[in-house]
Number of protein chains: 2
Amino acid sequence: MRDEAPRAVTAICRALQEQIERGLLPCGSQLPAERKLSEVFDTTRITLREALGQLEAQGLIYREERRGWFVSPPRLAYNPLVRSHFHAMVGEQGRVPATEVLSARLMPASAEICQLLELPALSSVYQIRRARRIDGRLVLYVEHYLNPAYFPGILDFDLTLSLTDLYASEYGIHYGRVRFDMVPTALHPEAAAALKVAPGSPALRIVRINRDQHGRLIDCDLEFWRHDALHVSVEVPD
Amino acid sequence: MRDEAPRAVTAICRALQEQIERGLLPCGSQLPAERKLSEVFDTTRITLREALGQLEAQGLIYREERRGWFVSPPRLAYNPLVRSHFHAMVGEQGRVPATEVLSARLMPASAEICQLLELPALSSVYQIRRARRIDGRLVLYVEHYLNPAYFPGILDFDLTLSLTDLYASEYGIHYGRVRFDMVPTALHPEAAAALKVAPGSPALRIVRINRDQHGRLIDCDLEFWRHDALHVSVEVPD
DNA sequence: AAATAGAGCTGGACTAGTCCAATTTGGGAG
DNA sequence: CTCCCAAATTGGACTAGTCCAGCTCTATTT
């Protein structure tokens with residue numbers, strides 16, 4: 001028994017990790033209360049919470065605001081080179097997608113959006129804010145900004161459906177070139193609230209700038225994914 | 001004037017964020033000591049540290065183990081579709097790259113590596129572990145695993161240089177198809193030690209599986225990037 | 001001028017609690 | 001059996017410290 005013990009935090013991490021990997025704590029199951037766990041590991045709640053925080057950073061567990069800690073489900077495979085929308089992508093991987101519309105309106109574009117869509121200053125844009133789930137779990141907060149010139153009256157449609165499909169069926173517009181920008185960062189307060197997680201949780205921010213079949217900038221998406229909800233795969237041809 | 005409770009942590013974040021954005025704390029500069037800052041903001045070190053942790057998660061600041069907190073430099077643009085190696089990529093963006101070799105040896109392949117390289121069980125592979133810097137800052141820990149059949153005697157060369165170049169000049173091998181897998185996660189202890197940061201810091205794990213011009217699996221890289229050191233750009237053609 | 005020993009800082013890790021707000025849950029009324 | 005309210009429980013936020021290891025810088029010595 002050496003004095004050189006591993007840090008309490010890493011010891012707790014290892015113990016929990018093992019339990020999860022052996023399937024004693026199945027995917028989606030809830031962990032015991034923080035106070036219980038701190039008793040089990042004979043430590044402070046602060047220390048215990050730091051261990052949980054590290055497992056969260058690894059993506060092994062996640063928390064729901066004020067509800068508790070849960071074992072993370074598998075990540076979704078996200079391939080930017082394959083043109084697919086959320087519902088199709090999730091469904092193909094044997095999971096159940098869901099979408100809710102948080103807001104949808106015509107609004108003055110921010111400077112950032114004007115730049116992304118190459119619009120003149122003080123332009124108006126359609127903004128659609130949505131939250132999306134996989135198997136019931138909130139994983140994605142998106143803000144869509146559409147150039148209104150191409151999509152008159154789009155707010156009257158059912159916006160819980162795929163925008164891709166709406167573009168095609170109602171406006172004859174298909175995606176052409178797309179630009180992705182992926183940045184590991186933290187959720188800003190608005191996104192955190194929508195996903196019902198602690199503000200500042202780690203996240204993957206994906207900015208998509210979409211052109212149509214004629215090369216026209218039609219819209220852009222600001223996506224905020226829970227960092228543990230996806231892995232990005234890219235197959236680069238020769 | 002916020003509608004909700006202005007948590008101490010978010011208030012501190014906002015204050016520091018503003019100072020950084022206005023350039024009062026330039027890139028690369030060191031923040032005052034935690035104890036000083038906790039006095040300035042009239043709070044505990046624990047609370048102050050949580051605020052710093054959130055700014056770290058956002059990528060605005062970073063820490064060096066036992067040295068202090070610093071303002072993050074700009075992120076490196078990383079485009080998986082553009083075939084470029086570390087030194088070239090960094091240099092093109094006006095930054096100064098550096099590489100050090102941590103270890104290089106022939107070793108039995110782990111089960112994971114066998115699978116990635118489609119090798120039979122108990123195969124041997126060259127393992128090269130390197131740490132890489134941008135403008136002096138440690139940002140990337142990589143483990144390369146090479147199929148030794150294609151690279152006899154490679155350990156005798158200067159491995160601080162680009163492997164890509166070595167492959168081409170010494171073995172006539174060029175990259176063909178490449179597969180990327182990017183996962184937001186946390187640094188494991190070994191990578192954390194190599195990058196001199198706290199174990200469990202957020203990171204972007206990138207697994208590259210490389211084939212040569214003939215479609216043969218030649219090597220794979222396990223990369224661990226500091227999460228705040230890069231942003232991934234992908235331009236998808238029509 | 002270079003090498004070095006040591007003191008003082010700095011971050012890292014942890015303890016032992018408190019107060020609050022939201023969520024759950026259990027029990028009683030209808 | 002359902003619905004609703006109150007109590008118990010849980011996570012969120014924070015205070016006020018302690019002890020330790022590694023880095024740095026200074027002052028002294030060689």
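In what follows, chains are A, B, ... by sequence order, proteins preceding strands, each numbered from 1.
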Interatomic distance, A:R49 CZ vs D:dG11 C1' [rounded to whole Å]
6 Å
Aromatic ring pairing B:Y78/B:W225, orientation class (parallel under 30°, perpendicular over 60°, tilted between)
perpendicular
Taking donor-acceptor contacts at under 3.5 Å, does the side chain of B:R7 reach the base of D:dG12?
no
Do the non-hydrogen side-chain atoms of B:L166 and B:L159 ever get within less than 4.5 Å of each other?
yes
How about A:D219 and A:H144: does a side-chain donor come under 3.5 Å of a side-chain acceptor?
no
Can you identify which nucleotide, out of D:dT15, C:dT10, D:dG11, has its nearest atom closest to the B:K36 side chain?
C:dT10
What is the separation between atom CZ on A:F41 and atom C1' on C:dT15, rounded to the nearest whole Å?
18 Å
Within 45° cone of A:Y62 ring axis and under 6.0 Å: A:R137 NZ or CZ
yes
Start at the 5' end of DNA chain C and walk down; is the nucleotide closest to B:I46 or to B:E64 reached first?
B:E64
In terms of side-chain heavy atoms of B:E34, which of C:dC14, C:dG12, D:dG12 is nearest?
C:dG12
Determine the contact category for B:K196: base if any of its heavy atoms lies under 4.0 Å from a base atom, sugar-phosphate if only primed atoms, P, OP1 or OP2 are that close, otherwise nothing.
nothing
Value in whole Å for how far the P atom of C:dT23 lies from CZ of A:R63:
15 Å
How would you label the contact of B:R45 with the nucleic acid (heavy atoms, under 4.0 Å): base, sugar-phosphate, or nothing?
base
Provide, to the nearest angstrom, the distance between the CG atom belonging to A:L48 and the C1' atom belonging to C:dA13.
15 Å
Between B:F224 and B:Y141, how do the two ring planes meet: parallel, tilted or perpendicular, split at 30° and 60°?
tilted
Closest to the B:A33 side chain: C:dG11, D:dG12, C:dC14?
C:dG11
Atom CZ of B:R35 to atom C1' of D:dG17: distance rounded to whole Å?
11 Å
Whether A:T43 contacts C:dC14 is assessed here as follows: a side-chain N or O lying under 4.0 Å from the phosphate OP1 or OP2. Is that the case?
no
Between C:dT10 atom P and B:Q30 atom CD, what is the distance in whole Å?
9 Å
If the cut-off is 4.0 Å, is A:T47 near the phosphate of C:dT15, judged by side-chain N/O to OP1 or OP2?
yes
Examine the base of D:dG11 for any acceptor or donor lying under 3.5 Å from a partner atom in the side chain of A:R66, and report the outcome as yes or no.
yes
Round to a whole Å and report the spacing from CG of A:L37 to P of D:dT10.
11 Å
Could you tell me whether the side chain of A:R67 has a donor or acceptor atom within less than 3.5 Å of a complementary atom in the base of D:dG11?
no
For the pair made of CD in A:E56 and P in D:dG11, what is the distance, rounded to whole Å?
13 Å
